[in-house]
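A quick note: this is a predicted structure, and the numbers were derived from the prediction, not measured.
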Amino acid sequence: MAVVHPTDTERAPARPTVDIAGTAWPMYKLEALFAGAVVCLTLALITGSVQIAVLAGATVAAARWLLAFARA
C-alpha cells in the first residue's frame with residue numbers, strides 16, 4: 001500500500017503577479033502585451049504599414065508569452 005505524506009511535497013515557486021480588477025495576472029503576460037504594443041507602434045511609425053506592424057507585434061507578444069510560460 002502506498003502512503004502519501006502531504007507535508008513532504010514541494011510547492012512550485014510562486015510567479016510574480018499583478019492585481020488587475022480583482023484578478024491576478026502573471027507578470028509575463030503583461031510583459032508580452034507591452035512588448036507587442038511597443039513593437040507594433042514602433043513599426044507602424046517607421047514603416048507606415050499597419051499590416052506589418054500588427055503581424056510583427058503579435059509575433060513578438062506570442063513569442064515572449066510562450067517562452068516565459070515554458071521557462072517557469
(message) Can you pull out every salt bridge (charged side-chain N to carboxylate O under 4.0 Å, His left out) where at least one residue sits in residues 44-62? Sequence neighbours excluded, please.
(response) none
(request) May I have all residue pairs that pass salt bridge (charged side-chain N to carboxylate O under 4.0 Å, His left out) and include part of residues 42-56, sequence neighbours excluded? (result) none
Below 3.5 Å, can you tabulate the donor-acceptor pairs from side chains in residues 18-37 to any protein atom, sequence neighbours excluded?
unit_1	atom_1	unit_2	atom_2	d
Asp19	OD1	Thr23	N	3.3
Glu31	OE1	Arg64	NH2	2.1

(request) Enter the distance from Ile52:CD1 to Cys40:SG here, rounded to the nearest 0.5 Å. (result) 11.5 Å
